[in-house]
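Some notes on the structure that comes next.
The chains referred to below are lettered A, B, ... by the order of the sequence lines, with proteins before strands, and numbering in each begins at 1. Given the structure is predicted, the values throughout are model-derived calculations rather than measurements.
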Amino acid sequence: MHHRASLSVCPALWRSIPCQKAELRLEFTLSCGQSFRWKEWSPGFWTGVLHGRIWTLTQTEEHIWYTMYTKECCPGEDADASSATAALKKRQKCTKKIVPCPPPKILKTEHVKEEKEIVEDFDQFVGGNDCKKDEELLRDYFQLDVSLKELYLLWGKSDPNFAKVAQDFPGIRVLRQDPTECLFSFICTSNNHISRITGMIDRVCSSLGKHLGQLDSEIYCAFPTLQALAESDTEAKLRDLGFGYRAKFVSESAQTILSKYGPDWLERLRILPYEEAKSALCTLPGVGAKVADCVCLMALDKPEAVPVDTHVWQIAKRDYLPQLGQGNKSLTDRVYREIGDYFRRLWGSHAGWAQSVLFCSDLKKFQNSADKPDPSRKPRKRTQIKKETLE
DNA sequence: CATATACCTCG
DNA sequence: GAGGTATAT
């Protein structure tokens, strides 16, 4: 727990939310290309930025454990005595159960001892409004009110292939992300792969996002605001950061949203029907059907949106619609729609969620988590194997 | 509607 | 050529 250890001024208060591993697997959900902002700095511990704060998450069989690093935790930021005191006072209002120990069986003994000493001061402040908000934030981000167990059961019943794949890939949920971060991240995904996208997102946050703090040598920044992305020099900056032709898409989309629709436009798409939200997004430069579906699914509360990228296109041809492989050379608009409609009929209202399970299972980096491929299944095309070596 | 091509950069 | 989009034909 490198990160934690460096923050001796900040009492390491881990809180927990009941959540079984069948409902959520962090290692799949946080690294399968939905969000590019979570890093597993030490095994099982995921650190990232959410709602303008740095969080570390981990999990045990029955719980998610989380801790946050707030400003007053970060020396050199604005850690004057008064703000630290204010933070303490805030903590005192807590009424919810705080678990003052790190997740069991994970941290080293000396850390536990250190935590305990600090925690004595906190014994009386068990609970809190803030804590409740924090828990609610995570429950919202992971959409924990959606029962994944029931969905897997449903999908498996109508789709034997899903049932088979799902054995090795439990707990993959769709995150409910911030619409701005989601849109601009996915504009960067065209003709690109996860490792490079991650670097680009890191750089745009460092360059245009608000500085949030430092853990060890790692600096954390918020995702840039729409306003920052719409500045007139953004395109040039992003080109310097290696965004290539996507730099223009990012800056022009941000400018279009602010000048034509207003700062709340993306948020408002959440209450529109799927097709309307999707066509609205497609009016932006750099946003086609695939990016629009990603944003609909992962930020705009449209669980039926099925993004069809080349992975899903391969999966569809190989395991579901072999007839599509014959006459169609490429993923045309018509074929794109056909695949989405097919999966919606097969899997139902949360088809996009099921899609992300298959998508994840197809990523090279998770291939070792899976069974040996079924010899009766069609062999993969060479192009796809090549592609996977990149990830 | 369908196919072809350019677009940035990296491995 | 890549987890893609926009444009022209």
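- Atoms CG (A:Leu363) and P (C:dA2) sit 15 Å apart, rounded to a whole Å.
- Comparing A:Thr283 and A:Gln355 along DNA chain C, the residue whose closest nucleotide (by nearest heavy atom) sits nearer the 5' end is A:Gln355.
- OP1 or OP2 of B:dA2 lies within a sub-4.0 Å distance of a side-chain N or O belonging to A:Arg334.
- The partner of C:dG4, taking Watson-Crick or G-U wobble pairs whose two distances both stay under 3.5 Å, is B:dC7.
- Checked against a 6.0 Å centroid threshold, the rings of A:Phe169 and A:Tyr152 do not count as neighbours.
- Rounded to a whole Å, the CZ atom of A:Arg196 is 12 Å from the P atom of B:dC8.
- Listed candidates were B:dC8, C:dT5, B:dT3. Nearest to the side chain of A:Tyr245 is B:dC8.
- No hydrogens or angles considered: nothing links the side chains of A:Asp178 and A:Tyr141 as a donor-acceptor pair under 3.5 Å.
- Distance check: A:Leu148 CG to A:Lys21 NZ gives 14.5 Å after rounding to the nearest 0.5 Å.
- Applying the 4.0 Å criterion to OP1 and OP2 of B:dC8, one finds that A:Arg239 has a side-chain N or O inside that range.
- Taking 4.5 Å as the limit, every side-chain heavy atom of A:Tyr66 sits out of range of all side-chain heavy atoms of A:Leu50.
- Note on A:Thr310: a side-chain N or O is less than 4.0 Å away from OP1 or OP2 of C:dG4.
- Listed nucleotides B:dC8, B:dT3, C:dT5 differ in distance to A:Arg246; the shortest reach to its side chain belongs to B:dC8.
- Regarding A:Ile197, its CD1 atom lies at a distance of 14 Å from the C1' atom of B:dC8, rounded to whole Å.
- A:Cys32 comes within 4.0 angstrom of a base, heavy atoms only.
- Rounded to whole Å, the separation between the P atoms of C:dG1 and B:dA4 comes to 15 Å.
- In this structure, the CD atom of A:Gln314 is 10 Å from the P atom of C:dG4, given to the nearest Å.
- For A:Thr332, a side-chain nitrogen or oxygen approaches OP1 or OP2 of B:dA2 to under 4.0 Å.
- A straight line from CG of A:Asn192 to C1' of B:dT9 spans 8 Å, rounded to a whole angstrom.
- For A:Asn191, counting side-chain heavy atoms from C-beta on, the closest listed nucleotide (B:dT3, C:dA6, B:dC8) is B:dC8.
- What separates CG of A:Leu331 from P of C:dA2 is a distance of 13 Å, to the nearest Å.
- Summarising the geometry, the separation between CZ on A:Phe249 and P on C:dT7 is reported as 8 Å, rounded to the nearest angstrom.
- Note on A:Val291: only backbone sugar-phosphate atoms sit closer than 4.0 angstrom, heavy atoms only; bases stay farther off.
- Rounded to an integer number of Å, the gap from A:Tyr336 OH to C:dT5 C1' is 12 Å.
- No hydrogens or angles considered: a donor-acceptor pair under 3.5 Å links the side chains of A:Thr56 and A:Thr47.
- Among the protein residues, A:Leu284 comes within range of the sugar-phosphate backbone only, with heavy atoms under 4.0 Å from sugar or phosphate atoms but none that close to a base.
- Among the heavy atoms of the strands, none lies under 4.0 Å from A:Pro307.
- Using modelled atom types and a 3.5 Å distance limit, the side chains of A:Thr60 and A:Trp65 yield a donor-acceptor pair.
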